Amino acid sequence: MRLLVTGGAGFIGANFVHATVRDHPEDRVTVLDALTYAGSRESLAPVENDIRLVHGDITDRDLVVQLVGESDAVVHFAAETHVDNALAQPEPFLRTNVIGTFTVLEAVRSHGVRLHHVSTDEVYGELALDSPRRFTESTPYNPSSPYASTKAAADMLVRAWVRSYGVRATISNCSNNYGPYQHVEKFIPRQITNVLTGRRPKLYGSGANVRDWIHVDDHNNAVRRILTDGQIGRTYLIGAEGERDNLSVLRTILRLMGRDTDDFDHVTDRAGHDLRYAIDPSPLYDELLWAPKHTDLNEGLRETIDWYRANESWWAPMKDVVEAGYAERGQ
Ligand code: NAD
Ligand code: TDX
């Protein structure tokens, strides 16, 4: 398969490319990535001789049409992804997440190419902490943040292009990922690298907010399964039943790193901070016979801490800039 991977120099996309090169050497992979602050060539260094990396923007219509025309399938990861950045400056989220997805859709429409669109559980809004409910594919969209609303808009465009133009697309909405190559602006890598650089971890509000954690390799395995066996037009929710509140994730990190579990700061809470996300992944288990392999979050965190310890040269150049931005916002 000739695969075009948008956003393949970012966290999840790079891990997807690594797994594809490892598990499907018969595939030919092209990455299209704008190499924004969130993307890096270094994340693809281990596979640089096995893939083609095109430095370009998903809103560049001519480039996207050309690359899609050379592909059998597109896996669309490229997006602006950080909720705190969206709150501070939403415009790039509109451009990349909405116009960028529109551009990809028009290109797959003109060439009749298969598309898998990667999205998030944040489109569903928040659940109450004590609710027995979890998100399913029929949960109504109710996005809270500028980030989530642009991802919701993109999902709606994909659904409309399937129905109106017969585009062969699937959508997945996944829960919070963790693992190697995640940007240090995000919760887990931020706390690990704060400890590694002698800073104190920073918890928003009381830390009662719950996220449903999944290892990035499990997410990517599910994406691959949907790409090959998924039903066109369907939405699949991807999750690994890893609900945990932020305070307990932070305390686990501190414990695994040999620190006092109270050795952190409470900082200004995120505006509109969603309380809880939780995915019901049973259709993926029952219909596509998928199951996560990384089911022990503590073990996954231990491996992730080891990765950040061993790969300081990957994250250190971004760390001071990210922390300066957080400090300006009182976080
Ligand atoms: P990331 O921010 O680490 O990477 C995004 C990548 O997209 C970067 O390499 C960046 O350079 C690239 N990019 C941004 N704008 C672009 C543009 N205009 N043109 C081309 N490339 C551009 O993000 P991630 O965490 O790897 O997320 C990947 C996808 O998965 C996103 O669509 C996100 O919404 C979705 N998702 C993420 C999570 C999570 O927990 N991280 C969970 C569910 C879904
Ligand atoms: O320093 C921090 N302290 C803190 O308490 C940061 C950066 C975050 N948090 C909290 C906010 C959230 O409740 O931790 C939780 C996770 O925060 P993020 O890593 O920013 O993730 P989240 O907002 O949940 O969104 C992530 O998962 C869904 C990704 O960034 C999205 O791209 C994805 O769609």
Side-chain angles (χ1 to χ4, degrees), residues 5-16 31-41 43-44 53-60 63-64 75-87 92-93 95-97 99-101 103-104 117-123 126 143-145 147-148 150-151 154-155 172-179 181-191 194 201-214 216 219-220 223 237-239 244-247 249-250 264-270 273-277 279 322-323 326 329 331:
V5 182
T6 73
F11 163 46
I12 305 174
N15 280 286
F16 181 84
V31 168
L32 171 61
D33 199 294
L35 301 176
T36 69
Y37 82 93
S40 97
R41 281 180 194 281
S43 302
L44 292 170
L53 171 59
V54 177
H55 181 190
D57 201 294
I58 55 162
T59 61
D60 180 340
L63 177 63
V64 173
V75 185
H76 178 37
F77 291 100
E80 286 290 338
T81 63
H82 193 38
V83 173
D84 296 318
N85 293 345
L87 289 163
F93 290 72
R95 205 182 66 80
T96 289
N97 300 0
I99 303 299
T101 300
T103 309
V104 170
H117 171 68
V118 178
S119 190
T120 170
D121 60 358
E122 300 201 17
V123 299
E126 68 179 0
S144 307
S145 69
Y147 162 68
T150 58
K151 291 297 291 186
D155 296 7
S172 56
N173 296 82
C174 187
S175 62
N176 281 63
N177 284 222
Y178 72 94
Y181 298 104
Q182 186 168 30
H183 197 278
V184 293
E185 69 191 355
K186 302 289 186 347
F187 178 58
I188 289 175
R190 184 182 185 205
Q191 312 314 337
N194 271 13
K202 309 289 182 203
L203 187 69
Y204 294 174
S206 68
N209 307 65
V210 170
R211 295 295 182 265
D212 188 356
W213 294 100
I214 182 172
V216 63
H219 179 188
N220 282 329
V223 166
L237 271 62
I238 306 173
R244 195 81 86 83
D245 66 71
N246 293 341
L247 177 60
V249 171
L250 177 53
F264 65 89
D265 297 327
H266 288 278
V267 294
T268 312
D269 205 352
R270 175 181 284 173
H273 195 174
D274 280 338
L275 266 179
R276 172 177 164 239
Y277 306 134
I279 293 270
V322 168
E323 287 308 316
Y326 275 124
R329 302 200 288 253
Q331 293 179 317

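One-based numbering, in listed order, for ligands and for the atoms of each. Source: prediction; values computed, not measured.
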| said: Yes or no: does Gln331 have any heavy atom under 4.0 Å from an atom of ligand 2? | reply: no

| query | Do Glu122 and Tyr277 have side-chain atoms, one donor and one acceptor, less than 3.5 Å apart? | reply | yes

| task | Verify, without hydrogens or angle tests, whether Gln191 (side chain) and Lys202 (backbone) share a donor-acceptor contact under 3.5 angstrom. | result | yes

| note | A student comparing Tyr204, Tyr178, Phe11 should find that the heavy atom closest to atom 6 (C) of ligand 2 comes from Tyr204

| task | Write out the residue and atom name of the closest protein heavy atom to atom 15 (C) of ligand 2, then the distance separating them to 0.1 Å. | result | Asn246 ND2, 3.5 Å

| request: I would like to know whether Arg190 and Tyr326 meet side chain to side chain contact (heavy atoms under 4.5 Å, CB included); could you show each step before the answer? | output: CA-CA 11 Å; Arg190 184 182 185 205; Tyr326 275 124; 3.3 Å; yes

| Counting only N and O atoms by type, is there a donor-acceptor contact under 3.5 Å from the side chain of Asn220 to the main-chain atoms of Ile12? | yes

| Relative to atom 18 (P) of ligand 2, which among Arg211, His273, Arg270 owns the nearest non-hydrogen atom? | Arg270

| remark: Counting from 1 in the order shown, the ligand 1 atoms closer than 4.0 Å to a non-hydrogen atom of Thr36 are 10 (C), 11 (O), 14 (C), 15 (N)

| message | Geometry only, no angles: is Asn177 polar-contacting ligand 1 at N/O separations under 3.5 Å? | response | yes

| message | Quick check on contacts: which atoms of ligand 2 are under 4.0 angstrom from a heavy atom of Tyr147? | response | 31 (C), 32 (O), 33 (C), 34 (O)

| Counting both backbone and side chain atoms, is some N or O of Asp57 under 3.5 Å from an N or O of ligand 1? | yes

| Can you tell me which residue and heavy atom of the protein come closest to atom 1 (O) of ligand 2, and the distance to 0.1 Å? | Arg190 NH1, 2.7 Å

| request: Starting from atom 3 (O) of ligand 1, locate the nearest protein heavy atom and write down its residue, its atom name and how far away it is, to 0.1 Å. | output: Phe11 N, 3.0 Å

| Quick one: does Asp269's side chain have a donor or acceptor within less than 3.5 Å of a partner on Val267's backbone? | no

| message | Within the structure, is a non-hydrogen atom of Glu185 found at a distance of less than 4.0 Å from ligand 2? | response | yes

| query | How far is atom 30 (O) of ligand 1 from its nearest protein heavy atom, and which residue and atom is that? | reply | Val118 CG1, 3.5 Å

| query | Within the structure, does Thr81 bring an N/O atom to less than 3.5 angstrom of an N/O atom in ligand 1? | reply | yes

| query | Just which atoms of ligand 2 are under 4.0 Å from any heavy atom in His82? | reply | 20 (O)

| message | Which residue and atom name correspond to the protein heavy atom nearest atom 19 (N) of ligand 1, and how close is it? | response | Ile58 N, 3.0 Å

| Relative to atom 44 (C) of ligand 1, which among Ser119, Gly100, Cys174 owns the nearest non-hydrogen atom? | Ser119

| Near Arg329 CZ, under 6.0 Å, is it more than 12 heavy atoms from other residues, nucleotides or ligands? | yes

| message | Can you report which non-hydrogen protein atom sits closest to atom 41 (N) of ligand 1, along with the distance? | response | Ile12 CD1, 3.7 Å

| Are any of the heavy atoms in Ser43 under 4.0 Å away from ligand 1? | no

| message | Using a 4.0 Å cutoff against the non-hydrogen atoms of Phe77, which atoms of ligand 1 qualify? | response | 28 (C), 29 (C), 31 (C), 32 (O)

| Where ligand 1 meets Asn176 - atom numbers and elements under 4.0 angstrom, heavy-atom basis | 40 (O)

| query | Does at least one non-hydrogen atom of Tyr37 fall below 4.0 angstrom from an atom of ligand 1? | reply | no

| note | protein heavy-atom neighbour closest to atom 32 (O) of ligand 1 works out as Lys151 NZ, 2.7 Å

| remark: Quick note on ligand 2: atoms under 4.0 Å from a heavy atom of Leu203 include exactly 5 (O)

| field | atom 3 (N) of ligand 2 - nearest protein heavy atom and its distance | value | Lys202 O, 2.9 Å

| request: Output yes when Arg95 and Asp57 qualify as a salt bridge under the 4.0 Å nitrogen-oxygen rule, no when they do not. | output: yes

| query | What residue and atom, counting heavy atoms only, is the protein's closest point to atom 17 (O) of ligand 2, and at what distance? | reply | Phe187 CB, 3.7 Å

| Does the N or O separation between Thr120 and ligand 1 drop below 3.5 Å for any pair? | no

| message | Less than 4.0 Å is my threshold; does some heavy atom of Gly8 fall inside it relative to ligand 1? | response | no

| task | Using distance alone, decide if ligand 1 has a nitrogen or oxygen within less than 3.5 Å of any nitrogen or oxygen in His219. | result | no

| field | Check: Asp33 N/O within less than 3.5 Å of ligand 1 N/O | value | yes

| task | Check each atom of ligand 1 against the heavy atoms of Leu35 and keep those under 4.0 Å away; list them by number with element. | result | 11 (O)

| remark: Of all protein heavy atoms, the one nearest atom 15 (N) of ligand 1 is Thr96 CG2, 3.4 Å

| query | Which protein non-hydrogen atom lies closest to atom 30 (O) of ligand 2, naming both residue and atom, and how far is it? | reply | Lys186 CE, 3.0 Å

| Which residue and non-hydrogen atom of the protein lie closest to atom 21 (O) of ligand 2, and at what distance in Å? | Asn176 ND2, 3.5 Å

| Going by the order shown, which atoms of ligand 2 are within less than 4.0 Å of some heavy atom of Thr120? | 28 (C), 33 (C), 34 (O)

| Ala9 near ligand 1, heavy-atom distance under 4.0 Å? | yes

| field | Within-shell test, His183 vs ligand 1, heavy atom, strictly < 4.0 Å | value | no

| request: Could you check atom 33 (C) of ligand 1 against the protein and tell me its nearest heavy-atom contact, residue, atom and distance included? | output: Tyr147 OH, 3.6 Å

| Element-labelled atoms of ligand 2 that are located less than 4.0 Å from some non-hydrogen atom of Tyr326 | 7 (C)

| said: Return the closest protein heavy atom for atom 42 (C) of ligand 1 as residue, atom name and distance. | reply: Ser175 O, 3.3 Å

| Nitrogen or oxygen atoms of Thr59 and ligand 1 under 3.5 Å apart | no

| remark: ligand 2 to Gln191, heavy atom cutoff 4.0 Å, flagged ligand atoms 1 (O), 2 (C), 3 (N)

| request: May I ask you to list the atoms of ligand 1 that are less than 4.0 angstrom from any heavy atom of Gly39? | output: 8 (C), 9 (O), 11 (O)

| message | For atom 28 (C) of ligand 2, what's the nearest protein heavy-atom neighbour? Residue, atom name and distance, please. | response | Glu122 OE2, 3.0 Å

| Under 3.5 Å donor-acceptor, Asn85 side chain and Thr81 backbone | no

| note | Checking heavy-atom distances from atom 14 (C) of ligand 1 to each of Gly7, Ala78, Ala79, Gly239, the winner is Ala79

| remark: Atoms of ligand 1 under 4.0 Å from any heavy atom of Gly10, numbered from 1 in the order shown, are 3 (O), 4 (O), 6 (C), 8 (C), 9 (O)

| query | Does some non-hydrogen atom of Gly56 fall short of 4.0 Å from ligand 1? | reply | yes

| said: Determine whether a donor-acceptor pair (N or O, by modelled atom type, separation under 3.5 Å) exists between the side chain of Asp33 and the backbone of Ala9. | reply: yes

| said: If you measure every N or O of Ala34 against every N or O of ligand 1, does any of those distances drop under 3.5 Å? | reply: yes

| Would a line drawn from the ring center of Tyr181 to the ring center of His183 be shorter than 6.0 Å? | no

| task | Locate the shortest heavy-atom distance separating Ser145 from Val83; write the atom from each residue and the value. | result | CB-CG1, 4.0 Å

| said: Any nitrogen or oxygen of Trp213 lying under 3.5 Å from a nitrogen or oxygen in ligand 2? Just yes or no. | reply: no

| said: Please list the nearest protein heavy atom to atom 32 (O) of ligand 2 with its residue and the distance rounded to 0.1 Å. | reply: Thr81 O, 2.9 Å

| Does any N or O atom in His76 lie less than 3.5 angstrom from one in ligand 1, N or O only? | no

